[in-house]
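Each remark here refers to the structure printed beneath this line.
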2 protein chains.
Amino acid sequence: MLKYNTPTPNATMNTDTPIFQRIKDHITHQIETGAWVEGDLIPSEMTLTKAFNTSRMTVNRALRELTAELILVRRQGAGTYVAAQKVQSTLVEIRNIADEITVRGHEHHAELHRLESVAATDKLAAQLDIQAGQMVYHSTMVHFENAIPIQVEERWVNPAVAPDYLTQDFNQITPNAYLMQAAPLQGMNYKLEALLPTDAIAQMLRIPTSQPCLVLQRSTRSANKVASFAIMWHAGNRYRFVGSD
Amino acid sequence: MLKYNTPTPNATMNTDTPIFQRIKDHITHQIETGAWVEGDLIPSEMTLTKAFNTSRMTVNRALRELTAELILVRRQGAGTYVAAQKVQSTLVEIRNIADEITVRGHEHHAELHRLESVAATDKLAAQLDIQAGQMVYHSTMVHFENAIPIQVEERWVNPAVAPDYLTQDFNQITPNAYLMQAAPLQGMNYKLEALLPTDAIAQMLRIPTSQPCLVLQRSTRSANKVASFAIMWHAGNRYRFVGSD
DNA sequence: TAGTGGTCTAGACCACAGC
DNA sequence: CTGTGGTCTAGACCACTAT
């Protein structure tokens with residue numbers, strides 16, 4: 001474990017905030033700002049007990065709750081670690097289509113059709129919460145399952161959040177996987193609808209323009225900014241979302 | 001609070017089970033067996049402390065965790081109660097389309113097109129986990145938002161779970177709302193896809209057959225049986241699923 | 001063996017609800 | 001006022017991990 005300093009109380013924190021909550025806030029803050037990242041060993045219960053001038057049970061409660069929230073992982077005898085970033089939700093789990101295809105035992109590959117820097121249109125600027133005309137990164141990829149095109153992924157990325165986007169090798173890592181690692185995910189919004197494809201999309205998916213598509217639009221947030229906005233087109237006859245509760 | 005006896009240790013319980021876990025198990029057992037139901041006041045921390053011959057902090061941990069799991073509700077100064085049963089999920093929250101439309105400030109009404117008893121086809125029998133040929137209830141409804149047809153809901157119901165389905169007035173209560181009340185929901189599976197409508201569906205939604213539809217298929221479980229299977233068609237240009245995480 | 005987390009105790013003070 | 005839950009303390013014993 002590196003990068004650990006005495007906790008600095010947040011100015012916005014009410015003095016009535018329970019101690020266990022202050023400890024939780026401190027830890028999540030370290031993770032959100034990237035000071036502590038996935039796999040890092042964080043301070044032990046005893047260290048935090050002294051740092052916050054409290055009792056071990058109070059620290060234990062904070063760490064136990066963060067573990068229940070899947071933010072930390074604890075190993076008896078070893079220590080407490082920052083958990084792997086996972087956002088789970090019925091609809092969000094399709095975020096890494098490469099993994100999903102591999103899990104099904106099928107072969108996945110992707111074709112990069114476009115990777116460029118473009119000026120944000122008004123509409124796009126609103127999606128990314130930036131100024132119109134500002135430069136943003138844009139990529140278009142097609143994902144294949146056993147050589148059949150399954151998803152067209154068009155993505156716009158906020159350079160302020162992922163400045164190295166254009167220099168990635170997207171044959172090695174999917175845009176989603178890269179963004180997950182480059183910018184710790186805070187949350188997302190999505191929209192799901194059924195649409196007819198444009199000619200360009202139909203061509204990439206190798207379907208007729210009369211074939212309905214399942215279209216997922218999603219924006220992700222990181223570091224209190226909108227990190228990226230993506231539109232994913234799936235041929236309706238080849239792809240569906242499933243889940244259970 | 002009624003119906004409370006000294007906890008009877010489960011025979012399958014390992015003697016190494018932590019005390020807080022035994023308390024949690026005891027409480028969830030009371031709820032699962034119906035001994036305690038929604039809204040019931042359960043024993044206080046002090047009562048449980050004595051009953052389990054432990055300390056208050058241990059009882060507090062058990063109750064706090066069950067509260068985080070939405071199984072209990074606590075009110076300082078008043079007591080601890082069994083929480084209302086709720087199933088929530090991005091995709092499951094669309095279960096009551098009438099409420100959803102009303103919340104948007106729009107007018108909702110529904111037309112009942114069909115309400116009948118039919119013999120289960122092989123496919124349907126598999127969905128409902130019953131014998132083919134067995135009688136099941138079937139309904140077809142169209143839901144309107146401000147006089148525009150927004151959803152066609154076709155539903156098959158297991159008579160063993162909701163024997164009074166055919167005698168309901170579905171102008172007063174939606175099938176979903178009735179089933180939620182008649183059969184406490186255990187869980188569900190769903191499938192979401194983009195399809196072209198059949199002629200009959202297109203006519204009910206008043207759309208051309210070339211208009212893609214967002215189709216949600218869902219089966220619900222109750223009392224360890226499949227309670228119902230539903231197919232909901234939405235015009236792709238009028239309806240979308242949205243959510244956030 | 002030293003340090004870690006997992007659990008538990010027997011007290012304590014407080015805010016709040018209901019009578 | 002009494003009883004409830006919300007939080008906290010300063011210890012304790014144990015199982016496990018790493019060295």
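Numbered from 1 within each chain, the chains take letters A, B, ... in sequence-line order.
Side chain of B/Asp169 to main chain of B/Asn171: a donor-acceptor pair is present (N/O by atom type, distance under 3.5 Å, no hydrogens or angles).
Neither side chain, B/Gln127 nor B/Gln217, offers a donor N or O lying under 3.5 Å from an acceptor on the other. Of the N and O atoms on the side chains of B/His143 and B/Glu153, at least one donor lies less than 3.5 Å from an acceptor on the other residue.
Rounded to a whole Å, the CE atom of B/Met46 is 16 Å from the P atom of D/dT2. Atom pair A/Met57:CE and D/dG6:P shows a separation of 15 Å (rounding to whole Å applied). Taking atom CD of residue A/Glu45 and atom P of nucleotide D/dT9, one finds them 14 Å apart after rounding to whole Å. The separation between A/Leu48 atom CG and C/dG3 atom P is 17 Å, rounded to whole Å. Distance, B/Lys24 NZ to C/dG6 P: 14 Å, rounded to whole Å. Here D/dT4 presents its P atom at 16 Å from CG of B/Leu72, a figure rounded to the nearest Å. Atom CZ of A/Arg56 is separated from atom P of C/dG6 by 8 Å (rounded to the nearest Å). Spacing between atom OH of B/Tyr81 and atom P of D/dT4 amounts to 11 Å, rounded to whole angstrom units.
Side-chain proximity of A/Pro18 to the nucleotides C/dC8, D/dC8, C/dG5 is greatest for D/dC8. Distance from the side chain of B/Gln76 is smallest to C/dC16 among D/dA10, C/dC16, C/dG5.
For A/Arg75, no side-chain nitrogen or oxygen approaches OP1 or OP2 of C/dT4 to under 4.0 Å. Considering only side-chain N and O atoms, A/Thr54 lies under 4.0 angstrom from the phosphate OP1 or OP2 of D/dT9. The shortest distance between the side-chain N/O atoms of B/Ser44 and the OP1/OP2 oxygens of D/dT4 is below 4.0 Å.
Annotation: cation-pi pair A/Arg61/A/Phe20 present, NZ/CZ under 6.0 Å from the ring centroid and within 45° of its normal.
Mapping A/Ala78 and B/Phe20 onto DNA chain C via the closest heavy atom, the residue that lands nearer the 5' end is A/Ala78.
Residues satisfying the side-chain contact (heavy atoms from CB on, under 4.5 Å) criterion with A/Thr33, sequence neighbours excluded, are A/His29, A/Ala35.
Proximity of residues 58-66 of chain B to DNA chain C (heavy atom under 4.0 angstrom from any strand atom) is restricted to B/Thr58, B/Arg61.
Comment: A/Arg64 engages B/Glu65 in a salt bridge, judged by a side-chain N to carboxylate O separation of less than 4.0 angstrom.
Below 30°, between 30° and 60°, or above 60°: for A/His234 and A/Phe241 the angle between ring planes is above 60°, a perpendicular geometry.
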